[in-house]
Asker: 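Here it is: the structure, laid out below.
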Amino acid sequence: MVRVTRDDVARAAGTSTAVVSYVINDGPRPVAAATRARVLAVVEELGYRPNRVAQAMARRRTNLIGMVVPDARQPFFAGLAHMVEQAAAERGRLLLIGNSDYADEREAHYIRAFLGMQVDGLILVTQDPSVPGVAGFEATDGTPVVLLHHRAETERGAAVVADDDGGAREVVRHLLGHGHAEVHCFGGTFALSPNDPVTSRTAGWAAALAGAGLPTEGRLTPAPFDRVRAHAEALALLARPDRPSAVFCATDDQAIGLLRAADDLGIRVPEDLAVAGFDDIAEAVIAGPPLTTVATAQDAMARAAVDLVLTAKANEEPVPAGAHTFPARMVLRRSCGCPGSAD
């Protein structure tokens with residue numbers, strides 16, 4: 001099929017290509033109503049479709065935002081990406097999403113690919129902002145970049161984050177308030193970046209125990225972030241003769257894996273084991289039992305990340321450096337021992 005061009009429309013409508021452009025783009029110059037109607041009729045008749053990509057490249061604004069997440073199959077990242085997509089759509093942008101699968105080289109691949117598409121901005125949910133793909137973004141062509149959910153490695157970086165430390169402290173103190181002599185931490189690995197949100201959550205857990213005069217040594221179990229592999233680690237933890245009576249999980253996915261392990265071993269929650277998570281994913285409400293957790297302002301964070309990159313793009317200036325921190329709040333459900341739900 002031969003592609004219809006703007007010249008074809010102009011000839012059929014008896015006008016210039018400039019006038020056709022004014023009609024298609026609604027400006028910048030006015031067009032008489034009769035001429036506009038004639039051009040639009042020819043556009044419909046010939047099936048003309050303007051090359052939006054070429055137009056975007058010409059004006060250096062593609063209306064595209066690139067986003068990289070570790071794994072969109074995980075409910076937390078899927079929900080966060082959906083919120084970013086909604087925020088972008090409300091501002092007339094399309095969102096491109098790439099999954100890094102927790103691999104540095106794959107993350108760098110998507111960053112390069114999105115920059116090659118001349119996206120208006122990049123929103124990165126990275127596992128480590130010190131890896132080459134992320135650390136090198138400051139040397140790009142000026143494309144605005146914002147880290148979401150993860151703090152920046154350098155003072156020049158911009159990030160939208162939650163109060164992970166404060167949220168963890170609050171929920172661990174709550175578990176201690178139920179009379180537990182200790183609260184085990186399930187989640188994170190010893191190789192995590194200092195700027196990783198789980199590192200901050202682990203620090204909050206440790207601070208809450210220290211505030212109660214309790215030790216942390218031997219009370220941290222590194223666990224995978226997906227619920228299936230976390231379940232296997234939880235089985236080993238809960239099968240120990242000295243198993244804890246309360247566990248704080250760094251993510252809800254880990255908590256759901258642990259709840260399943262408790263059920264497999266005949267351990268009652270919350271009668272024999274109190275459990276709390278972090279993130280307040282949708283499944284937390286229907287977990288068995290419903291999961292006490294910490295909710296973050298994901299929708300507000302997504303909107304803030306989109307606004308930061310688009311404002312920087314419009315003003316042709318860097319994104320304001322530093323961490324833009326949003327509060328976290330505890331959501332009480334039955335898994336901790338509370339009788340009702342705060343939802």
Asker: Let me confirm one number: the CG-NE2 distance from Leu237 to His184, rounded to the nearest 0.5 Å.
Answerer: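 Going from the CG atom of Leu237 to the NE2 atom of His184 covers 4.5 Å.
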Asker: Would you say the side-chain atoms of Trp205 pair up with the backbone N or O of Ser200, donor to acceptor, closer than 3.5 Å?
Answerer: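 No, because the side chain of Trp205 does not come within donor-acceptor range (under 3.5 Å) of the backbone of Ser200.
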Asker: Where is the tightest heavy-atom contact between Val309 and Pro144, given as atom of each residue plus distance?
Answerer: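 Looking at all heavy atoms of both residues, the closest pair is O-CG, 3.5 Å.
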Asker: Using a strict threshold of under 4.0 Å (side-chain N to carboxylate O), is an ion pair present between Asp164 and Arg151?
Answerer: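 Yes, this pair counts.
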Asker: Consider only side-chain heavy atoms of I, L, V, M, F, W and Y, link residues closer than 4.5 Å, and tell whether Leu332 and Val172 are in one cluster.
Answerer: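 Both belong to a single hydrophobic cluster.
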Asker: Is a side-chain N or O of Asp120 found less than 3.5 angstrom from the main chain of Ile65, in a donor-acceptor match?
Answerer: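 No; judged by distance alone, with no hydrogens or angles, the pair does not exist.
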Asker: Could you name each residue pair satisfying salt bridge (Lys or Arg N to Asp or Glu O under 4.0 Å) that touches residues 207-221, not counting sequence neighbours?
Answerer: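 Qualifying pairs: Glu182-Arg219.
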Asker: Would you name the heavy atoms of Glu283 and Pro75 that are closest together and state the gap between them?
Answerer: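 Scanning both residues, the minimum pair turns out to be OE2-CG, 3.6 Å.
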Asker: Can you confirm whether more than 12 heavy atoms, excluding those of Glu90, are under 6.0 Å from its CD atom?
Answerer: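 Result for CD/Glu90: enclosed.
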Asker: Nearest heavy-atom pair of Leu308 and Pro320: which atoms, and what distance?
Answerer: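 Of all heavy-atom pairs spanning Leu308 and Pro320, the closest is CD2-CD, 4.1 Å.
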Asker: Look at Arg243 together with Asp272 and state whether they make a salt bridge at an N to O cut-off of under 4.0 Å.
Answerer: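 Asp272 and Arg243: not salt-bridged.
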Asker: Compare every heavy atom of Thr296 with every heavy atom of Ala328, then report the nearest pair and how far apart it is.
Answerer: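 Nearest pair, atom of Ala328 first, then Thr296: CB-CG2, 4.2 Å.
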Asker: Would you mind checking if Asp7 and Arg11 are paired as a salt bridge, meaning a charged N to carboxylate O distance below 4.0 Å?
Answerer: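 No, this pair does not count.
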Asker: Determine whether the side chains of Thr126 and His150 contain a donor N or O and an acceptor N or O closer than 3.5 Å.
Answerer: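 Distance-only check fails for Thr126 and His150.
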Asker: When you measure from the side chain of Thr292 to the backbone N and O of Arg333, does any donor-acceptor pair fall under 3.5 Å?
Answerer: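 Between the backbone of Arg333 and the side chain of Thr292 there is a qualifying donor-acceptor contact (under 3.5 Å).
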Asker: Measure up the Phe225 and Tyr102 rings against each other and bin them: parallel (under 30°), tilted (30 to 60°), perpendicular (over 60°).
Answerer: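 Because their plane-to-plane angle is under 30°, the rings of Phe225 and Tyr102 count as parallel.
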Asker: Drop me the distance from Leu96's CG to Leu64's CG, to the nearest 0.5 angstrom.
Answerer: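 With rounding to 0.5 Å, CG (Leu96) is 5.0 Å from CG (Leu64).
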Asker: Between Gln254 (side chain only) and Thr251 (backbone N and O only), is there a donor and an acceptor less than 3.5 Å apart?
Answerer: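 Checking the backbone N and O of Thr251 against the side chain of Gln254, a donor-acceptor pair under 3.5 Å is found.
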Asker: Between the side chains of Arg303 and Asp307, is the shortest nitrogen-to-carboxylate-oxygen separation below 4.0 Å, so that they form an ion pair?
Answerer: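 Salt bridge flag = no for Arg303 with Asp307.
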Asker: Is it true that a side-chain atom of Arg38 and a backbone atom of Ala13 form a donor plus acceptor pair closer than 3.5 Å?
Answerer: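 Yes.
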Asker: Just verifying a value: how many Å separate Ile97 CD1 and Ile123 CD1, rounded to the nearest 0.5 Å?
Answerer: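 Ile97 atom CD1 to Ile123 atom CD1 measures 10.0 Å (nearest 0.5 Å).
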Asker: Examine Leu258 and Val228 and state if one hydrophobic cluster contains both, with Ile, Leu, Val, Met, Phe, Trp and Tyr joined whenever side-chain heavy atoms are less than 4.5 Å apart.
Answerer: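 Not linked; separate clusters.
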Asker: Which pair of non-hydrogen atoms, one from Val20 and one from Thr15, has the smallest distance, and what is that distance?
Answerer: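 It is CG2-CG2, 4.0 Å.
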Asker: Taking everything shown except His324 itself, do over 12 heavy atoms lie less than 6.0 Å from its NE2?
Answerer: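 Yes.
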Asker: Sub-3.5 Å donor-acceptor pair from the side chain of Asp196 to the main-chain atoms of Val198, do we have one?
Answerer: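 It does hold such a pair.
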Asker: May I ask you to test the Thr143-Lys313 pair for a side-chain heavy-atom distance under 4.5 Å?
Answerer: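 Of all side-chain heavy-atom pairs linking Lys313 with Thr143, none is under 4.5 Å.
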Asker: Please tell me whether Phe186 and Val183 are part of a single hydrophobic cluster in this structure, the criterion being side-chain heavy atoms less than 4.5 Å apart.
Answerer: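 Hydrophobic grouping puts Phe186 apart from Val183.
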Asker: Is a side-chain N or O of Asp8 found less than 3.5 angstrom from the main chain of Thr5, in a donor-acceptor match?
Answerer: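 At least one qualifying donor-acceptor pair exists.
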Asker: Does Asp252 come within less than 4.0 Å of Arg227, counting only side-chain N to carboxylate O?
Answerer: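 Judged by the 4.0 Å cut-off on N to carboxylate O distance, Asp252 and Arg227 do not form a salt bridge.
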Asker: Determine, using the 4.5 Å side-chain heavy-atom cutoff (strictly less than), whether Ile256 and Leu80 are members of one ILVMFWY cluster.
Answerer: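 In one cluster: yes.
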Asker: Do you know the tightest heavy-atom contact between Ala276 and Leu175?
Answerer: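 Nearest heavy atoms, Ala276 then Leu175: CB-CD1, 4.0 Å.
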Asker: Looking at CD of Gln298 and NE2 of His82, how far apart are the two atoms once the value is rounded to the nearest 0.5 Å?
Answerer: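 Reported value, rounded in 0.5 Å steps: 11.5 Å.
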Asker: Is a donor on one side and an acceptor on the other found under 3.5 Å between the side chain of Asp71 and the backbone of Arg73?
Answerer: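 The answer is yes, because a donor-acceptor pair under 3.5 Å joins these two groups.
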Asker: Under the side-chain contact (heavy atoms from CB on, under 4.5 Å) test, which residues partner Tyr22, sequence neighbours left out?
Answerer: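 Counting only residues at least two positions away or on another chain, Tyr22 forms a side-chain contact (heavy atoms from CB on, under 4.5 Å) with Ala18, Pro28, Arg29, Val31.
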Asker: Are Ile281 and Leu291 grouped together when hydrophobic residues (ILVMFWY) are joined by side-chain heavy atoms under 4.5 angstrom apart?
Answerer: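 No, it is not one cluster - the side chains of Ile281 and Leu291 are not joined through contacts under 4.5 Å.
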Asker: Does a side-chain N-to-carboxylate-O contact under 4.0 Å join Arg201 and Asp279?
Answerer: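 The answer is yes: the pair qualifies as a salt bridge.
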Asker: Classify the ring geometry between His174 and His178 as parallel (under 30°), tilted (30 to 60°) or perpendicular (over 60°).
Answerer: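 Geometry flag for His178 against His174: perpendicular rings.
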Asker: Does Arg329 pair with Glu170 as a salt bridge, N-O distance under 4.0 Å?
Answerer: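 Not counted as a salt bridge, because no side-chain N and carboxylate O are separated by less than 4.0 Å.
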Asker: Side-chain contact, heavy-atom cut-off 4.5 Å: Ser335 with Pro289?
Answerer: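 The answer is yes; the side chains approach within 4.5 Å.
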